[in-house]
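Some notes on the structure that comes next.
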Amino acid sequence: MKLIGNLQQFGRALMLPMMALPAAAVFLSLSGLPWEDWGMSPMAGHLTKAGGILFHALPYLFALGVALGLTGNAVAAGVSALAGMFIYTAVTGSYAGLDIQPTVLIGVVIGIAAGYSYEQFKDFRLPEYLQFFGGPRFVPLFVSFVSLAFSIIMIEIAPPIQEAMAVLGEAAKAAGGFGVFLFGFTYRILVAFGLHHLVSHAFWFQVGAYETEAGMIVYGDLPRYFSGDPTAGAYMAGLYPIMMFGLPAIALAIIREAREDLKPKVRKTFISAALSSFLTGVTEPVEFAFMFAAPYLFVLHAFLSGLIMWLTYELGILHGFSFSAGAFDFFINLHLSTKGWMLLPIGLAVGIGYYWLFRWAIQRFDIPTPGREEGSPLDEWAGDIPYRAPLILQAIGGKDNIIQMEACITRLRLKLHDDRQLDVPALRSLGAAGVIRLGGGNVQIVFGTFSELIREEIMKVMKRDLRRVQFKSPVQGRMIPLDEVPDPIFAGRLVGGGVAFVPERGEAAAPVGGVVIHVHPAKHAVGIRTPEGLEVLLHVGIDTMELNGAGFLTFVKEGDTVVPGQPLLRFDLGHIRSAGKSPVTPMVITNPERVRSWVFAPFTAVKKGQASVMSVVLEERDGGGEKR
């Protein structure tokens, strides 16, 4: 399981250098405009050089990106990787008669060496008079010697390795359409584990060789495509119909099958997800909407993806992208394609097929896609990220549970002390499309394209380290704002601030830890004082005091110490309703002057004990209890 965790971190590291490639593709595309007719003849050359240099620098970008990705953006590791690449290029290029060029594979190897060396030597101690060269400063020195030794070895073994890579490319080519099918199927399956970058990196940056007009050898489907290789693009073209048409069609099918009362929210969410897939090729928000609910359907989707890629191969369609197979890349790079226009009618057919297949499957197998159950696991994040960050942090288990936290394009990638502390229902309520446990404390939480912003906000919360009290749901049911409580005293916040719940079961648990300071004689209300001094009242039902304890059973008494989730009382919902009383249960802080700010989770269905339903930041006080 530790291996899988390391692979997910490595997969994320491989994505970092690819962030520069869209700029290269745009520059190369713009270079084809009639600049000479516009009186700007040099512009075509400038754009060609600007785009070409980024592809030429790919080995250096991958060395830097892998080193940073493996070490949580440690500057010393990145500098070490670049130093290693410069040494490799200088040493291997100094021998006449040898055509040894730095490749992406070499960049990855040196990046791994730099990242591993940093983790081993970042706390390295030398005698005091030499300690200037200790710790992180030792890493560039060590990697430089490693790179020198590696370069000398490569002078001897590089020619047969380059020949082997060319043979590998010929073998992949000989596999024909079936090889493309296997790539497409495996790539799609690995999306579920966040490891798809491993297989794509091999085919997009390693398999196949092409010599440019300048005499440079480039490897991999993607660099070969942008270098003018007329045979490149087979491992990218078939992704366009899937990402531009297939996944958006699934989103439309989910919208169509949603309940009428939830359809507006689902429509808003999945139109955004469909556009994200169509325009940029980011597919996880749609795929995770059905991946866990119907994994067999995801396997079928992966199988169809492979077949579609096989079809485009057999039709001789070649197309490429710098980032992903979305509409932006499709049109920007269309001028380099072979029969690229054919992907549009194929995509339309794929979209229609996917739409009807998924509508039938959702109906036939009653798949609980978003909108067919209470609430939606996807949500709109545009202006809400800072608001939810502390709640997400609590649902992860708090900052003390986090060993490492990184983000890729669509997901948070976490290394946790204890992944059992994750509250998956809370995370889904807060906008997560899915949660993947890879073992060994390695976890991925899919939040879509806002994942990096979410990570940044969580890091800010952790650094501020404000005095914060987190609340869990005391009941199973639906959380509502106090404004909707059918009682003017609670709705007007005359008792205090907080939230309320419409319970589905007759059980109530402690939302926070503390000391029980009040148990009402009618047994319908319990007060708890937290260690921070907040006084929390849980009041089951409206006007239920008039029942005089009938239908209620308490499990605690005044003076007891309780922990979050500990049972407080049991109540008979049927008896409450038959007596004409509302079961709505407010949870309020009766001394709200102690609270500086409030944060509430979305008002949706909750489970008893679910984390992150409410979070408050306390007013700072000095030892005498006065505000600062």
Side-chain angles (χ1 to χ4, degrees), residues 8-9 11-23 65 68-69 72-73 191 194 197 265 268-289 323-324 326 328 370 376-399 401-416 422-424 426-436 443-466 468 470 597 599-602 611-612 615 617:
Q8 77 150 344
Q9 187 177 7
R12 175 192 173 274
L14 291 175
M15 281 298 297
L16 288 176
M18 292 187 66
M19 295 177 181
L21 295 186
L68 293 176
N73 299 321
V191 166
H197 306 309
K265 178 181 178 182
K268 180 180 179 182
T269 297
F270 279 90
I271 287 295
S272 175
L275 285 173
S276 178
S277 181
F278 176 77
L279 294 174
T280 69
V282 175
T283 63
E284 282 94 332
V286 178
E287 288 175 314
F288 275 81
F323 173 70
S324 191
F328 291 144
S376 172
L378 296 177
D379 212 339
E380 174 58 52
W381 281 92
D384 213 17
I385 297 172
Y387 188 74
R388 297 192 191 182
L391 297 175
I392 295 172
L393 179 60
Q394 184 197 6
I396 291 171
K399 68 176 184 178
N401 194 35
I402 299 175
I403 299 174
Q404 185 176 13
M405 178 173 59
E406 300 293 342
C408 64
I409 296 171
T410 58
R411 58 189 84 188
L412 287 180
R413 296 172 182 259
L414 299 158
K415 173 73 172 178
L416 304 177
L422 281 175
D423 192 320
V424 176
L427 289 168
R428 290 181 66 84
S429 173
L430 291 165
V435 178
I436 307 168
V443 175
Q444 297 176 359
I445 307 175
V446 180
F447 280 116
T449 51
F450 291 106
S451 295
E452 180 62 42
L453 297 178
I454 293 169
R455 174 189 173 275
E456 291 178 5
E457 288 299 327
I458 292 176
M459 295 298 294
K460 291 178 183 177
V461 171
M462 293 169 63
K463 289 178 181 178
R464 285 197 296 263
D465 198 24
L466 299 173
R468 191 182 301 272
Q470 310 278 10
S597 62
V599 174
F600 305 103
S612 304
S615 174
V617 174

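Since we're looking at a predicted model, the values are computed, not measured. Atoms considered below: every heavy atom in the structure, side chains included; atoms not considered: hydrogens, waters and symmetry mates.
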Non-hydrogen side-chain atoms of [X] and [Y] separated by less than 4.5 Å:
X: I445; Y: I396; value: yes
X: L416; Y: I403; value: no
X: I392; Y: E457; value: no

Kindly say whether [Y] contributes a backbone atom to a donor-acceptor pair with the side chain of [X] at under 3.5 angstrom?
X: R455; Y: M405; value: yes
X: S612; Y: A395; value: yes
X: T280; Y: S276; value: yes

Q: Could you tell me which non-hydrogen atom of V599 sits nearest to which non-hydrogen atom of P390, and how far apart they are?
A: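 What the structure gives for the nearest pair is CG2-CG, 4.4 Å.
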
Q: Quick one: list whatever passes side chain to side chain contact (heavy atoms under 4.5 Å, CB included) with I271, sequence neighbours left out.
A: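 If we apply the side chain to side chain contact (heavy atoms under 4.5 Å, CB included) test to I271, skipping adjacent residues, the hits are L252, I255, R267, L275.
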
Q.
Could you work out, with side chain to side chain contact (heavy atoms under 4.5 Å, CB included) as the rule, every residue matching F600, not counting sequence neighbours?
A.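 By the side chain to side chain contact (heavy atoms under 4.5 Å, CB included) rule, F600 matches Y387, V499, W598, F603, M614.
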
How long is the span from the [atom1] atom in [X] to the [atom2] atom in [Y], to the nearest 0.5 Å?
X: L453; Y: I458; atom1: CG; atom2: CD1; result: 11.0 Å
X: I454; Y: L430; atom1: CD1; atom2: CG; result: 9.5 Å
X: I402; Y: L393; atom1: CD1; atom2: CG; result: 5.0 Å

**Q.** Results of side chain to side chain donor-acceptor pair (under 3.5 Å) for E287 - residues two or more places apart only
**A.**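 E287 satisfies side chain to side chain donor-acceptor pair (under 3.5 Å) with R188, T283, H301 once adjacent residues are dropped.
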
